[in-house]
Amino acid sequence: MRTRTTAVAVSVGLLLTVTACGSTSESPEAATTTVLPPAATTSTPEPTTPPAPEAMAMGSTLKWDEGDISGTSAALSYKQGIKSVGSAAEETGEPDYVWAALELKVCSTKGTFSATTFPWTLAYADGARIEPSSSTWDDFPKPEFPLETKLTAGKCVRGKVVYPVPGNSRPETIVYAPDGVDPVEWTVPAK
């Protein structure tokens with residue numbers, strides 16, 4: 001199991017959300033110096049684009065630290081085709097939609113914060129993003145990840161979040177993207 005260490009930003013307001021992001025230091029790509037030999041033309045070099053962060057493997061744990069609080073977040077598993085008395089097709093109005101369950105785990109190693117389902121989405125190759133279902137049915141997979149829960153140092157929350165998804169395709173990644181911070185991704189296995 002691979003572990004990735006990343007800084008965290010915390011949004012304070014009515015809802016305190018655990019967030020993970022990339023380093024806050026200036027990136028080395030921000031300034032580029034090009035030295036040309038005397039005989040070369042002096043055209044302006046094209047800016048370099050920093051590579052996209054690599055998605056972590058499903059089950060990998062993201063460690064984060066933001067001074068007063070620190071913890072871990074992980075996307076543990078993804079299963080598509082969950083059966084329920086409620087219909088994903090009816091919820092979305094799309095006839096080919098089915099239910100999928102994402103298992104998550106968030107822990108506090110220092111401090112107190114709230115963990116929520118809001119920053120977790122499913123990302124598809126065509127750019128589509130799917131948010132968690134607004135429905136809850138008694139037969140959804142258990143344990144369910146709470147909509148919001150407060151964690152204190154040494155405590156964790158683990159559970160499943162259900163999404164209505166297109167039955168004929170799978171997401172590429174699970175995206176953890178709280179407001180104001182860089183997203184972190186986990187790769188969804190082919191099957």
Side-chain angles (χ1 to χ4, degrees), residues 1-4 6 11 14-21 52-62 64 71-108 113-151 155-191:
M1 181 181 292
R2 201 172 88 192
T3 301
R4 177 176 166 183
T6 307
S11 172
L14 294 177
L15 177 66
L16 176 67
T17 305
V18 176
T19 60
C21 69
E54 183 181 325
M56 295 187 293
M58 186 69 68
S60 296
T61 298
L62 172 72
W64 51 266
T72 60
S73 300
L76 302 174
S77 66
Y78 175 84
K79 183 177 180 186
Q80 191 163 312
I82 304 296
K83 302 296 180 201
S84 175
V85 295
S87 167
E90 287 178 17
E91 178 174 317
T92 62
E94 297 292 330
D96 66 335
Y97 271 51
V98 299
W99 295 117
L102 172 61
E103 186 173 8
L104 305 172
K105 184 174 183 180
V106 177
C107 298
S108 172
F113 57 85
S114 292
T116 76
T117 61
F118 299 118
W120 298 92
T121 59
L122 305 178
Y124 287 78
D126 65 359
R129 294 273 177 104
I130 296 182
E131 295 177 343
S133 173
S134 59
S135 300
T136 299
W137 298 95
D138 288 340
D139 61 348
F140 273 177
K142 306 291 188 258
E144 290 183 50
F145 194 94
L147 187 61
E148 177 184 3
T149 191
K150 189 167 281 198
L151 295 176
K155 300 295 181 182
C156 296
V157 60
R158 181 185 65 85
K160 296 175 182 168
V161 180
V162 177
Y163 296 77
V165 300
N168 59 356
S169 66
R170 289 175 66 84
E172 286 190 324
T173 60
I174 283 66
V175 180
Y176 182 59
D179 288 337
V181 297
D182 292 336
V184 177
E185 299 184 29
W186 285 261
T187 301
V188 175
K191 283 199 182 183

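These numbers come from a predicted model, not from an experiment. Residues: numbered from 1 along the sequence shown.
- With sequence neighbours left out, the side chain to side chain donor-acceptor pair (under 3.5 Å) criterion links Thr173 to Glu185.
- In this structure Lys142 satisfies the salt bridge (Lys or Arg N to Asp or Glu O under 4.0 Å) test together with Glu144, sequence neighbours excluded.
- Taking every heavy atom of both residues into account, Ala74 and Ser60 meet most closely at CB-O, 3.5 Å.
- Contact record, Lys160 with Pro141: CD-CB, 3.6 Å, taken as the closest heavy-atom pair.
- Not counting sequence neighbours, the partners of Glu103 by the side chain to side chain donor-acceptor pair (under 3.5 Å) test are Ser77, Arg158.
- Under the side chain to side chain donor-acceptor pair (under 3.5 Å) criterion, Ser87 pairs with no residue at all, not counting sequence neighbours.
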Could you go through Tyr176 and Val106, starting from their C-alpha distance and side-chain angles, then the distance that decides it, and tell me whether this counts as side chain to side chain contact (heavy atoms under 4.5 Å, CB included)?
CA-CA 12 Å; Tyr176 182 59; Val106 177; 6.0 Å; no
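- Contact detail for Ala75 and Leu102: the closest heavy-atom pair is CB-CD1, 4.2 Å.
- Remark: Arg129 pairs with no residue by the salt bridge (Lys or Arg N to Asp or Glu O under 4.0 Å) rule, at least two apart or across chains.
- The minimum heavy-atom distance linking Val161 with Pro132 is given by the pair CG1-CB, 3.5 Å.
- To the nearest 0.5 Å, atoms OG1 (Thr92) and CD1 (Ile130) are separated by 8.5 Å.
- Rounded to the nearest 0.5 angstrom, Ser73 OG and Leu104 CG are separated by 8.5 Å.
- Every residue meeting the side chain to side chain contact (heavy atoms under 4.5 Å, CB included) condition with Ser133, not counting sequence neighbours, appears here in chain and number order: Glu91, Trp99, Ser135, Pro164.
- For the residue pair Ser108 and Leu151, the shortest heavy atom distance occurs at CB-CB, 4.1 Å.
- Within a 6.0 Å sphere centred on CD of Glu94, other residues, nucleotides and ligands contribute more than 12 heavy atoms.
- In this structure, Trp186 CH2 and Met58 CE are separated by 9.5 Å, a value rounded to the nearest 0.5 Å.
- Annotation for Thr187 and Ala55: closest pair OG1-CB, 3.3 Å, computed over non-hydrogen atoms.
- Contacts of Pro146 classified as side chain to side chain contact (heavy atoms under 4.5 Å, CB included), with partners at least two apart in sequence or in another chain: Thr149, Val157.
- Here Asp96 pairs with nothing under the side chain to side chain donor-acceptor pair (under 3.5 Å) rule; sequence neighbours left out.
- By the side chain to side chain contact (heavy atoms under 4.5 Å, CB included) test, Lys79 is found to be paired with Ile82, residues two or more places apart in sequence or in another chain being considered.
- Considering only residues two or more places apart in sequence or on other chains, Ala100 meets the side chain to side chain contact (heavy atoms under 4.5 Å, CB included) condition with Tyr78, Gln80, Val165.
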Could you list the donor-acceptor pairs under 3.5 angstrom formed by side chains in residues 118-127, with sequence neighbours left out?
{"unit_1": "Asp126", "atom_1": "OD1", "unit_2": "Ala128", "atom_2": "N", "d": "2.9"}

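- Sorted by first then second residue, the salt bridge (charged side-chain N to carboxylate O under 4.0 Å, His left out) pairs that include residues 130-140, not counting sequence neighbours, number zero.
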